[in-house]
Amino acid sequence: MEKTWLITSVTSGLGRLLAEKALIRGDRVVGASRSEDALPDLRARYPERLRIVADLKDQSSVRVAVDRAFAASTRIDIVVSNAGYGLLGAAEEAGDVQVRDIIDTNLIGSIALIRAAVPHLRSQGGGRILQVSSEGGQIAYPAFSLYHATKWGIEGFVESVAQEAAPFGIEFTLVEPGPARTGFGGNLARTKPLAAYEGTPAGQIREALRVSWVIKGDPDRMTDAMIRLADQDGPLPKRLVLGAEAYAGIRKALGGRIEELDRQKDIAVAADFTDEELARL
């Protein structure tokens, strides 16, 4: 059955691949971009099934673009929130504008998109939202603190909103890809390095990315998995992990957190009033 997708950051990376694959199989796509002239090749090939809405510069424009997308479609089945970029460098090195910009784009922009889409999905009786997060929403590397802040933030937001929207037939999945051969690495914003961080974990990550970063993730296979997820019957999983390194890293991180939590069980329990004390309150 033909589906209609709303995909942000549709001009490159996973967003473009998703749009192209959806169009090839006969679906309709509303692509959100900063320019209505985006994807001229795909618009020429699929003039009846591809529409571009612009632009997504701030929260108010996000709502206008989403309203236009739903107004132009009988129904939108799948919303893919895909905007984001990385900032490489120690937290101390980041400028104030860099901090605000990455939070505005990765976190506040994603929140704005979801908040704008939920009323439309609720009115039409449901739909699915795929929020592209990252392995970096579950684990953390030095030199990516601001990026992780945005991804951990959107994961908490989606966990909560998914519970709020479930009664209306709206489902969410957090998509957590590992490093993939998209333009992400080449588009990293960078801080101004401080000599103090040379030889530290942050400096070592920066050097490793410069000389020896082997990327195993295949964006073609990743987008295939996202399309299968969007098509599947039954409830969506809360998370979709993509890539062997992402799987191994997230599994190790979760296991370590469980072990640490269990070691603190007695401390946690001792912080409560006892039953006897509660009875006297």
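All values reported here derive from a predicted model rather than from experimental measurement. Quick note: numbers below take in every heavy atom, side chains included, and nothing from hydrogens, waters or symmetry partners.
Listed here is the closest heavy atom pair of K151 and S134: CG-CB, 4.2 Å. Between R122 and I170 the shortest heavy-atom distance is N-CD1, 3.7 Å. Heavy atoms only, all atoms of each residue included: W5 and I227 are closest at CH2-CG1, 3.9 Å. A246 and E176 make their closest contact through CB-O, 4.2 Å (heavy atoms, listed as atom of the first residue, atom of the second, distance). When every heavy atom of E2 is checked against every heavy atom of D77, the shortest pair comes out as O-OD2, 4.4 Å. The two residues I76 and L121 have their closest heavy-atom pair at O-CD2, 3.6 Å.
With a 4.5 Å cut-off on side-chain heavy atoms, L188 and F144 count as touching. Taking the side chain as every heavy atom from C-beta outward, Y46 and R28 never approach each other to under 4.5 Å. A heavy-atom distance below 4.5 Å is found between the side chains of R115 and F157. For the pair K192 and Q98, the minimum side-chain heavy-atom distance is 4.5 Å or more. Taking the side chain as every heavy atom from C-beta outward, I250 and R239 never approach each other to under 4.5 Å. Inter-residue side-chain proximity for S73 and V30 is flagged as met; some heavy-atom pair is nearer than 4.5 Å. Proximity of Q232 to P237: side-chain heavy atoms (C-beta onward) are separated by under 4.5 Å at one or more points.
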Checklist entry - What do the steps show when you test Q131 against S81 for side-chain hydrogen bond (donor to acceptor under 3.5 Å, both in side chains), and what is the final call? => result CA-CA 5 Å; Q131 172 63 55; S81 175; 2.8 Å; yes
Next on the checklist: For a side-chain contact (heavy atoms from CB on, under 4.5 Å) check, start with the C-alpha distance between Q138 and V241, then their side-chain angles and the critical distance, and finish with the verdict.
Outcome noted: CA-CA 10 Å; Q138 291 284 320; V241 178; over 6 Å; no
Item to check | Intermediate values then yes/no, side-chain contact (heavy atoms from CB on, under 4.5 Å), V118 and E164 | outcome: CA-CA 10 Å; V118 163; E164 299 168 1; over 6 Å; no
Item to check | Verdict with reasoning, R45 to E20, per salt bridge (charged side-chain N to carboxylate O under 4.0 Å, His left out) | outcome: CA-CA 10 Å; R45 285 160 57 190; E20 188 164 11; 3.6 Å; yes
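Judged as a side chain to side chain donor-acceptor pair (under 3.5 Å), and not counting sequence neighbours, the contacts of D231 are K3, R25. Residues meeting the side chain to side chain donor-acceptor pair (under 3.5 Å) test with H120, sequence neighbours left out: D67. Taking T191 as the reference, E93 meet the side chain to side chain donor-acceptor pair (under 3.5 Å) condition, with sequence neighbours excluded.
Annotation: the span from S145 atom OG to L88 atom CG amounts to 10.0 Å, rounded to 0.5 Å. Between atom CG of residue L14 and atom NZ of residue K21 there is a gap of 9.5 Å, rounded to the nearest 0.5 Å. Rounding to the nearest 0.5 angstrom, the gap separating the CD atom in E207 from the CG atom in L209 is 9.5 Å. Atom NE2 of H148 is separated from atom CG of L87 by 11.0 Å, given to the nearest 0.5 angstrom. Between the CG atom of D272 and the CG atom of L278 there is a distance of 8.0 Å, given to the nearest 0.5 Å. Note: D27 CG to R49 CZ = 8.0 Å, rounded to the nearest 0.5 Å.
In R221, the CZ atom is not crowded: 12 or fewer heavy atoms of neighbouring residues, nucleotides or ligands sit closer than 6.0 Å. No more than 12 heavy atoms of other residues, nucleotides or ligands shown are found within 6.0 angstrom of CG on D266.
Both Y247 and Y141 are members of a single hydrophobic cluster when ILVMFWY side chains are connected at heavy-atom separations under 4.5 Å. The cluster map of Ile, Leu, Val, Met, Phe, Trp and Tyr, joined by side-chain heavy atoms under 4.5 Å apart, puts L113 and F168 in the same cluster. In the hydrophobic clustering of this structure, L50 groups with L18; members are Ile, Leu, Val, Met, Phe, Trp, Tyr whose side-chain heavy atoms approach within less than 4.5 Å, directly or through other members. When hydrophobic clusters are built by joining Ile, Leu, Val, Met, Phe, Trp and Tyr residues whose side-chain heavy atoms come closer than 4.5 Å, directly or via intermediates, V64 is not grouped with I111. Linking ILVMFWY residues whenever their side-chain heavy atoms come closer than 4.5 Å, directly or via other members, places I24 and V10 in the same cluster.
The residue from V175, D218, L229 that alone fulfils the side chain to side chain contact (heavy atoms under 4.5 Å, CB included) condition with L242 is V175.
With hydrogens and angles ignored, the 3.5 Å screen pairs a side-chain donor or acceptor of R43 with a backbone N or O of A38. One N or O on the side chain of N106 and one on the backbone of Y85 form a donor-acceptor pair closer than 3.5 Å. At distances below 3.5 Å, not a single donor-acceptor pair connects side-chain atoms of T105 with backbone N or O atoms of I102. Looking at W152, its side chain does come within 3.5 Å of a backbone N or O of I139 through a donor-acceptor pair. Side chain of E135 to backbone of P177: no donor-acceptor contact under 3.5 angstrom is found.
Ion pairing of R206 with E198 is absent here, as no side-chain N (NZ or NE/NH1/NH2) approaches a carboxylate O to less than 4.0 Å.
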